[in-house]
There are 2 protein chains.
Amino acid sequence: MQKGYENTSMDDVAERLGATKGRVYHHFNSKPELFFAVYRRAMDMLTQAVAPAVSRPGLAGDRLRDMAQTHALTLMESLPFQRTAALAPDLWRFGRAAEHQATLSDLIMLRDIYEALFRRVLEDGARDGSLRRFPEAALASRTLLGALNWVAVWYQPRPGEGAAERRTLAATIAETVLSGYRA
Amino acid sequence: MQKGYENTSMDDVAERLGATKGRVYHHFNSKPELFFAVYRRAMDMLTQAVAPAVSRPGLAGDRLRDMAQTHALTLMESLPFQRTAALAPDLWRFGRAAEHQATLSDLIMLRDIYEALFRRVLEDGARDGSLRRFPEAALASRTLLGALNWVAVWYQPRPGEGAAERRTLAATIAETVLSGYRA
DNA sequence: GTCTATAAAGGGATAGAC
DNA sequence: GTCTATCCCTTTATAGAC
């Protein structure tokens, strides 16, 4: 999170653990695999937090607001994982080595599945009338997730900030994005 | 744009030019300075394209829509610069070396000034009634720019796409973001 | 499971010829 | 202004002791 993937050496990782590289390499075969584990966990946390709202009964507009709010909140509460993942949106840059292809496809699938949750609710909303009807749901879900994911980059906990403040912030973000900027 | 900053060697850059490193180093003192030049040009293109709409007469809501649309269009039409810049939002990761501090502060200032253009119009809109009133204009401008900048990551020209299609896409994006997702 | 020591490779940067 | 040749450091990864 602090220096980015490329500028963090395995020695840096070990030092943070108060150990040496041997320990790290005992648990992770390579530096990319360590990153992949971080990325996967970031996605897992998001999916587990957000999925319940997808299929809950009620208007799609309300579900989408809950999803957006939960997404923002989860970013804030697992920031080291989420910022690391958010700063590497170009996952394919690892793709040169054939050994990583399978893992990469898997992670990209996780991300696609996650984005599809939002697309689905957007489409639900077009049907039940609680959300606008977009010519391309993919475009709408991308701008929505773009606004939300950017939180992982700029968010920094304020001194003394607690869970309640974070929830309020997440709610404000969700409300802003869902309702737009026009009066 | 293709491999990211860290995974692109100076030899790669030279090869793309059909030359060798000597040529590159004749024009840029170091790899970071080459990146800084790319980043600066990306910001300059955005600022020059968007600034006119900021102080134009008319409702802030209309100006903000033009700004958003122009921003998205500029991202698409100068994608190699913009994606490179967008994939390095954590500029401070270059900051270890004292020699770069001045340049970095300068670039971060450019980015802040640019974001301030959006904040200013958001505040204009709160006054003239064409935009919502936000408790924190900074938060609103960030989610707005998050949605827009994400375009630089996912956008890929479609086969045969022309300037007209791009303008339409940019307009749709701006409209989506400004008006929100609710019906 | 963790350490020390070291191998092996890559890539940023420079010197000097042309 | 560009090229060739090379230096040198960083960093990934492994071997083998404990």
Side-chain angles (χ1 to χ4, degrees), chain A residues 1-42 80-81 83-108, chain B residues 1-42 80-81 83-108:
Chain A
M1 177 174 87
Q2 292 175 346
K3 308 204 292 176
Y5 174 78
E6 324 283 356
N7 288 297
T8 305
S9 70
M10 293 299 259
D11 280 318
D12 290 337
V13 174
E15 190 187 22
R16 177 63 65 95
L17 291 167
T20 65
K21 279 195 288 209
R23 186 165 169 194
V24 181
Y25 275 102
H26 182 73
H27 293 279
F28 298 92
N29 291 327
S30 69
K31 193 186 178 190
E33 288 192 23
L34 173 53
F35 171 80
F36 295 152
V38 171
Y39 191 95
R40 184 183 298 273
R41 188 145 152 205
F81 288 87
R83 184 173 296 172
T84 302
L87 292 183
D90 52 341
L91 277 179
W92 284 117
R93 85 180 130 107
F94 292 94
R96 298 166 310 177
E99 49 175 323
H100 296 141
Q101 296 283 348
T103 308
L104 272 174
S105 302
D106 197 38
L107 294 180
I108 289 171
Chain B
M1 177 174 86
Q2 291 175 346
K3 309 204 294 176
Y5 174 79
E6 324 283 356
N7 288 297
T8 305
S9 69
M10 293 299 261
D11 280 316
D12 291 336
V13 175
E15 191 187 22
R16 178 62 65 95
L17 290 168
T20 64
K21 279 195 285 209
R23 185 167 169 194
V24 181
Y25 275 103
H26 182 72
H27 293 280
F28 297 93
N29 290 325
S30 69
K31 194 186 177 190
E33 288 191 24
L34 172 55
F35 171 80
F36 295 153
V38 171
Y39 190 95
R40 182 183 298 274
R41 187 144 152 206
F81 287 88
R83 184 174 294 170
T84 302
L87 292 183
D90 52 339
L91 277 180
W92 283 118
R93 84 180 130 107
F94 293 93
R96 299 167 309 178
E99 47 176 323
H100 297 141
Q101 295 285 348
T103 308
L104 272 173
S105 303
D106 197 37
L107 293 180
I108 289 170

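Source: prediction; values computed, not measured.
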Atom-to-atom span, CE of A:M10 to P of C:dA8 - whole angstrom: 20 Å
Nearest-nucleotide pick for B:S9, side chain only, options being C:dG11, D:dA13, C:dA13: C:dG11
Show the atom names and distances, to 0.1 Å, of all donor-acceptor pairs under 3.5 Å that link a side chain in residues 24-34 of chain A to residues at least two apart or in another chain.
unit_1: A:S30; atom_1: OG; unit_2: A:E33; atom_2: N; d: 3.3
unit_1: A:K31; atom_1: NZ; unit_2: A:Y5; atom_2: O; d: 2.9
unit_1: A:K31; atom_1: NZ; unit_2: A:T8; atom_2: O; d: 2.8

Spacing between B:E15 atom CD and C:dG11 atom P, to the nearest angstrom: 12 Å
Under 4.0 angstrom between B:H26 side-chain N/O and D:dG1 OP1 or OP2: yes
A:K21 NZ to A:M10 CE distance, which is reported to the nearest 0.5 Å: 8.5 Å
Euclidean distance, atom CG of residue A:N7 to atom C1' of D:dT12 [Å, nearest integer]: 15 Å
Any residue meeting salt bridge (charged side-chain N to carboxylate O under 4.0 Å, His left out) with A:E6, in chain and number order, not counting sequence neighbours: A:R93
A:R16: salt bridge (charged side-chain N to carboxylate O under 4.0 Å, His left out) partners, not counting sequence neighbours: none
Pair B:S9-B:D12, side-chain donor/acceptor within less than 3.5 Å: yes
Whole-Å gap separating P (D:dT10) and CD (A:E6): 18 Å
Close residues, residues 27-40 of chain B, relative to DNA chain D [heavy-atom separation under 4.0 Å]: B:H27
A:T103 OG1 to A:F35 CZ distance, which is reported to the nearest 0.5 Å: 12.0 Å
B/S/- contact track for nucleotides 3-9 of chain D, protein heavy atom under 4.0 Å: BB-----
With sequence neighbours excluded, residues passing salt bridge (charged side-chain N to carboxylate O under 4.0 Å, His left out) with A:R23: none
Minimum heavy-atom distance between B:A88 and B:Y39, given as atom pair plus value: O-CE1, 4.4 Å
